[in-house]
Amino acid sequence: MRVLVIDPDPARAALVAEGLAGVQPLEVRRAAVFDEREAADFAPDVVVVAADSPDRDTLESLREAGQHNPRPVVMFVDRSEPGLAEQAVRAGVAAYVVDGLTPSRVRSILDVAISRFALTQQLRGDLAKAKADLESRKIVERAKGLLMKERGLDEDGAYRLLRKLAMDRGKPIGTVAADLLAFAGVLKGDAS
Amino acid sequence: MSGLADLTLGFIPLTDCAPLVVAKAQGFFAEEGLEVALSREASWATIRDKVGVGALDGAHMLAPMALAAESMLVPLALNQNGSAITVGVKLAALLREADPEAMAAPLVTAQALATVVERRRGQGAPPLTFAVVFPHSMHNYFLRYWLGQAGIDPDRDVRLVVIPPPRMVELLGSGEIDGFCVGAPWNAVAVDEDLGEVLIKASQFWPGGPDKVFGVTAAWADRHGDELRAALRALIRASAWADEPGNHAELVALLSRPDHVGVEAEVVARALKAEIVFHRDAAGLPRREHALWFLSQMARWGQVGPDADLSAVADRVYRPDLFREAALSLGPVLEPAQVFADAAPPASALFDGKAFDPADARGYAASFAIGRTS
């Protein structure tokens with residue numbers, strides 16, 4: 001397991017390492033401040049950060065940017081603020097741990113955070129794919145309509161033509177349909 | 001004694017937290033019957049989360065962050081101006097060498113940058129790195145707009161990162177980043193330490209343009225109408241106090257304290273004098289057209305989807321009516337003409353003169369050569 005601990009104080013990293021003793025292979029790296037490139041090189045399985053760290057905004061922006069390589073973030077608050085945990089989890093933090101960190105809890109907290117993060121990523125991916133599929137279906141419908149009108153084809157014929165174009169070019173049918181609509185737009189004089 | 005609840009308000013160590021700090025230090029909150037504790041926070045995400053769950057009653061906020069949150073209200077704008085785009089001295093020298101004419105006029109400095117970006121691409125050099133403070137921030141849209149206007153695609157031609165304001169100058173000095181867009185006093189700090197050079201200030205980018213706001217949740221405002229009105233009155237008085245040149249020495253001393261901004265008084269003073277407006281010209285009025293401009297940029301860069309109703313979001317979050325009610329009750333602190341300033345023709349245009357019609361924020365968002373609207 002690779003763990004990146006962002007904390008100016010070495011104590012928390014030591015605590016994390018102690019709690020993970022026995023996990024093999026294990027690499028716990030501590031950085032006083034978060035550095036995107038350093039983190040990308042290290043490719044941690046999980047990032048541990050204190051809730052009062054100014055680096056929260058940086059970590060959140062990585063998630064926002066739909067970072068190619070997002071990581072679960074575990075955040076610690078030392079004093080309890082009711083409800084803050086839920087809010088942070090909604091904002092994309094994988095786990096929020098109130099009342100600090102003890103070595104005996106480290107292992108289970110990180111394990112839960114990593115698996116919950118994987119699940120969220122999968123749901124997010126499924127949702128994006130569902131949206132893309134729907135979008136692609138709409139585009140195919142519009143391209144079919146265009147072919148029916150311009151080429152005098154029936155619906156089935158228009159679809160077969162699109163599918164043939166896609167197969168000939170080795171591209172998804174949605175892409176071919178989008179290209180067709182774009183070209184039709186240019187021919188009609190749409191600025192683009 | 002007054003029956004009002006005690007409040008805890010959050011702020012980030014930046015010059016534009018002044019109205020909160022002044023309202024407490026000058027006793028304006030106390031005169032309204034409010035016992036207020038100020039809580040200095042380390043990140044905007046923490047501010048949003050804490051206000052969201054009621055750990056803070058209200059806070060100094062980034063306007064677009066309030067617009068992007070689930071249930072925030074903006075009853076008061078805290079300031080105009082203060083932010084700027086600064087580049088490291090090394091990049092500044094390169095820009096001057098590439099296009100001395102563009103560098104002589106703040107409004108077209110980005111053209112020199114475009115030349116350098118193009119040249120670096122030809123040489124196969126890695127893209128320049130620029131930092132902003134938060135994805136939903138005026139700084140992010142200011143930098144992106146300025147780059148885009150010169151034909152530089154902020155997502156493809158440069159690398160954009162998010163860095164907490166107090167670390168910007170250090171990273172500029174070490175060469176980790178080549179430039180940044182951040183609020184006062186950090187641009188002045190970079191210049192003071194001979195590490196950076198300001199290319200364009202917010203007041204040049206958009207004269208009278210918006211910056212930070214005071215935000216609370218809608219649910220809190222519902223339950224605490226009296227406290228909100230009292231807090232707004234104190235903050236408006238504090239803003240007027242902060243604009244008074246005669247109070248500047250005291251304001252600078254207050255802001256430079258380690259528990260507030262924690263930067264040398266001289267540097268705070270410079271940024272303050274040159275730029276920031278808290279109160280005059282109806283700076284406190286949360287203008288609908290400002291909300292819609294932010295939302296247009298959120299749409300332009302793909303932060304809000306095509307289905308969101310931008311006008312509805314602006315009307316739900318920005319509440320000039322709450323500002324008006326508090327401001328009018330203060331009497332001579334603010335003239336009614338100022339309180340209703342948004343009934344006048346829209347505020348001035350951005351530096352490039354491109355017209356913005358608040359009634360067509362989507363059309364505006366889609367009208368830029370560079371953007372992520374489709």
Side-chain angles (χ1 to χ4, degrees), chain A residues 6-8 31-40 49-68 73 75-93 96 98 127-128 131-132 134-135 138-139 178 181-182 185 190-192, chain B residues 8 10 12-13 39-56 62 65 68-71 126 129 131-137 139-140 154-155 159-168 170-171 174 176-177 182 217 298 301-303 305-307 366-367 369 372 374:
Chain A
I6 314 282
D7 203 332
V33 291
F34 181 79
D35 181 284
E36 198 185 330
R37 282 183 235 230
E38 215 174 276
V49 63
D52 56 4
S53 161
D55 287 315
R56 260 203 79 183
D57 288 343
T58 306
L59 290 167
E60 185 161 319
S61 76
L62 297 183
R63 191 185 56 83
E64 173 91 18
Q67 194 58 352
H68 26 282
V73 175
M75 202 174 290
F76 291 92
V77 281
D78 288 328
R79 116 189 99 96
S80 159
E81 311 255 25
L84 200 52
E86 290 77 4
Q87 186 79 9
V89 169
R90 277 223 302 273
V93 173
Y96 210 114
V98 179
L127 184 65
K131 273 189 184 153
L134 186 66
E135 190 54 33
K138 277 192 210 154
I139 288 170
L181 290 170
D190 291 0
S192 65
Chain B
T8 305
I12 294 285
S39 174
R40 177 169 143 150
E41 302 291 341
S43 70
W44 292 112
T46 302
I47 288 244
R48 177 202 55 209
D49 291 353
K50 285 192 174 179
V51 172
V53 301
L56 293 171
L62 299 161
M65 184 178 87
E70 270 169 48
S71 64
T129 301
V132 296
V133 300
F134 199 72
H136 294 101
S137 67
H139 316 83
N140 188 24
D155 294 314
R159 178 169 163 260
L160 287 191
V161 296
V162 166
I163 305 277
R167 291 192 58 223
M168 291 276 189
E170 167 206 337
L171 293 176
S174 69
E176 286 288 312
I177 56 177
V182 67
T217 65
M298 288 156 78
W301 303 114
Q303 289 180 330
D307 304 327
S367 71
R372 307 275 94 82
S374 60

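Below, read A as the first sequence line, B as the second, and so on, with proteins coming before strands; counting in each chain starts at 1.
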- Where on V132(B) is there a heavy atom nearer than 4.5 Å to chain A: the side chain, the backbone, both, or neither? neither

- E176(B) versus chain A, the contacting section by heavy-atom distance below 4.5 Å: both

- Note on the structure: Under 4.5 Å to a heavy atom of chain A? For R159(B) that would be side chain

- Pick one of side chain, backbone, both or neither for S137(B), based on which atoms fall under 4.5 Å of a heavy atom in chain A. neither

- Run through D57(A), L59(A), D55(A) and flag the one making a side chain to side chain contact (heavy atoms under 4.5 Å, CB included) with V162(B). D57(A)

- Message: Could you report the tightest heavy-atom contact between P54(A) and S43(B), atom names first, then the distance?
- Response: O-CB, 4.1 Å

